[in-house]
Number of protein chains: 2
Amino acid sequence: MRLSGGVESALHCCVVLTASAAPVPAARLAELHGVSATYLAKQLQALSRAGLMQSVQGKSGGYVLTRSATEITVLDVVEAIEGTRSTFICTEIRQRGPLARPQEACAAPCPIARTMYAADRAWRAALREVTIADLSGAVGEYDGGVLSRIGAWLLSPQP
Amino acid sequence: MRLSGGVESALHCCVVLTASAAPVPAARLAELHGVSATYLAKQLQALSRAGLMQSVQGKSGGYVLTRSATEITVLDVVEAIEGTRSTFICTEIRQRGPLARPQEACAAPCPIARTMYAADRAWRAALREVTIADLSGAVGEYDGGVLSRIGAWLLSPQP
DNA sequence: GAATTCTTACTCGGATAGGTCGTGTCCGAGTTGCTCCGG
DNA sequence: CCGGAGCAACTCGGACACGACCTATCCGAGTAAGAATTC
């Protein structure tokens, strides 16, 4: 089970957008992070569809966060990219084979599915505890000037 | 992020093997669960490599659990199939691009990676809390006779 | 009757094709900012 | 000097190939049980 690589880029973009009030084009974000511009655009579109950021068209357009960074959790970003479905999908094995349990006895999920679902909820709960603002704060704590430098670079004209 | 479908089969097999002291062939387990026999063999090989079950060759061979069901956690099974690597892999985006942070400033993982790693640990911790014996007990609690019926079926000669 | 040898059938194990989803890319629709022209 | 129209450039958005991993499969190596044979 491997998480999509786009999640990492999406999270970095959200943190970076904290440092800029003006819209930032996808190409600029891709250059800053050293990733493929066309592929990053795909992730940003997903974030836009999820309502986390808003796209502004036109000459000085780009992406802007729709809410305060304190209102966006890491889980929001992960689910925007990966979807909200559980990582485990039960195929109801107990209802198959020669000793299949009757369907009326399978109203509740089996213990295996319950365990996997509980672990999935624990994973999502941990991601829900952290907001983009927390991440920005931790980055600033590490290097107080890096976010302002990034904000200035995002606004500077591209050569 | 989707979990491999083989995990479900592997867990069911572990629970079922609790009801049989004698080795059970892979083909018999596949028939019981209504899944592809050759594909299930692949999962059982992985469990065997991980040391969770032991393979017995020869005429009345098959697979047997190597430890008590109370000593096998769901995490053991999941990691045997999916591997132990974290679901999130950090590509060190902060060290790329025009504003890359110097390498000596990146000894510790970035806040994003820390968050994802923490969620991964929470997921694994939840899976570690449940043992195969717990699953067997929950199944028996639901239908006390089903495990003994399965045990008898596993020993009965195949037509 | 007991030990031994042989056959036989059954088991696992790794190496081998196909399908699906993530990865990476491209070009078109739409909008905004700027420039030029006229009053 | 001011207003408006036109242009041009830049933006996002969805549709299109490529590749890797999961899924599914096959056949060969090895082993234990059982039967037949011999002493």
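Just so we're on the same page: letters track the sequence lines, and every chain starts at 1. If you're wondering where the values come from, they're calculated on a predicted model, not measured in any experiment.
Among C/dC12, C/dT23, D/dC12, the nucleotide with an atom closest to any side-chain atom of A/Lys42 is C/dT23. Of the listed nucleotides (D/dC12, D/dG14, C/dG13), D/dG14 has the atom at the smallest distance from the side chain of A/Gln45. Distances from the side chain of A/Ser4 to the nucleotides C/dG13, C/dG22, C/dG30 place C/dG22 closest. Closest approach to the A/Ser60 side chain among C/dG33, C/dT16, D/dC16 is made by C/dG33 (side chain taken as heavy atoms from C-beta onward). In the set D/dA9, D/dA32, D/dT25, D/dT25 carries the atom at the smallest distance from any side-chain atom of B/Tyr39. Closest to the B/Ser55 side chain, of the nucleotides C/dG13, C/dG22, D/dC16, is C/dG13. Taking every side-chain heavy atom of A/Lys59 into account, C/dG33 is the closest of D/dA15, C/dG33, C/dG22.
With 3.5 Å as the limit, one finds no donor-acceptor pair spanning the side chains of B/Gln54 and B/Ser48.
One interatomic measurement links the two molecules: CG of B/Leu40 to C1' of C/dG13, which rounds to 14 Å at whole-angstrom precision. Per the geometry, OH belonging to B/Tyr63 stands 18 Å off P belonging to C/dC10, to the nearest Å. We find that CG of B/Leu3 is positioned 16 Å from P of C/dC21, with the value rounded to whole Å. Atom pair A/Gln43:CD and D/dG14:P shows a separation of 14 Å (rounding to whole Å applied). Summarising the geometry, the separation between CD on A/Gln54 and P on C/dT32 is reported as 12 Å, rounded to the nearest angstrom. Regarding A/Leu47, its CG atom lies at a distance of 11 Å from the P atom of D/dG13, rounded to whole Å. A straight line from CD of B/Glu31 to P of C/dT11 spans 12 Å, rounded to a whole angstrom. In this entry the distance linking CD of B/Glu82 with P of D/dC21 reads 13 Å, nearest Å.
Atoms OG1 and CG, from A/Thr87 and A/Asp120 in turn, are 4.0 Å apart once rounded to the nearest 0.5 Å.
Salt-bridge check for B/Arg149 with B/Asp143: passed, with a basic side-chain N closer than 4.0 Å to an acidic carboxylate O.
Although no hydrogens or angles enter the test, the distance criterion places a donor-acceptor pair under 3.5 Å between the side chain of B/Arg101 and the main chain of B/Leu99.
Nucleic acid contact for B/Thr38: base, since at least one base atom lies under 4.0 Å from a heavy atom of the residue. Residue-level contact check: A/Ala26 touches the backbone only, with heavy atoms under 4.0 Å from sugar-phosphate atoms and none from bases.
Between A/Ser48 and B/Arg2, the one whose closest nucleotide on DNA chain D sits nearer the 5' end is A/Ser48. Nearest-nucleotide mapping onto DNA chain C: of B/Gly58 and A/Gln57, the residue sitting toward the 5' end is B/Gly58.
Counting heavy atoms from C-beta on, the side chains of B/Cys14 and B/Leu52 never come closer than 4.5 Å.
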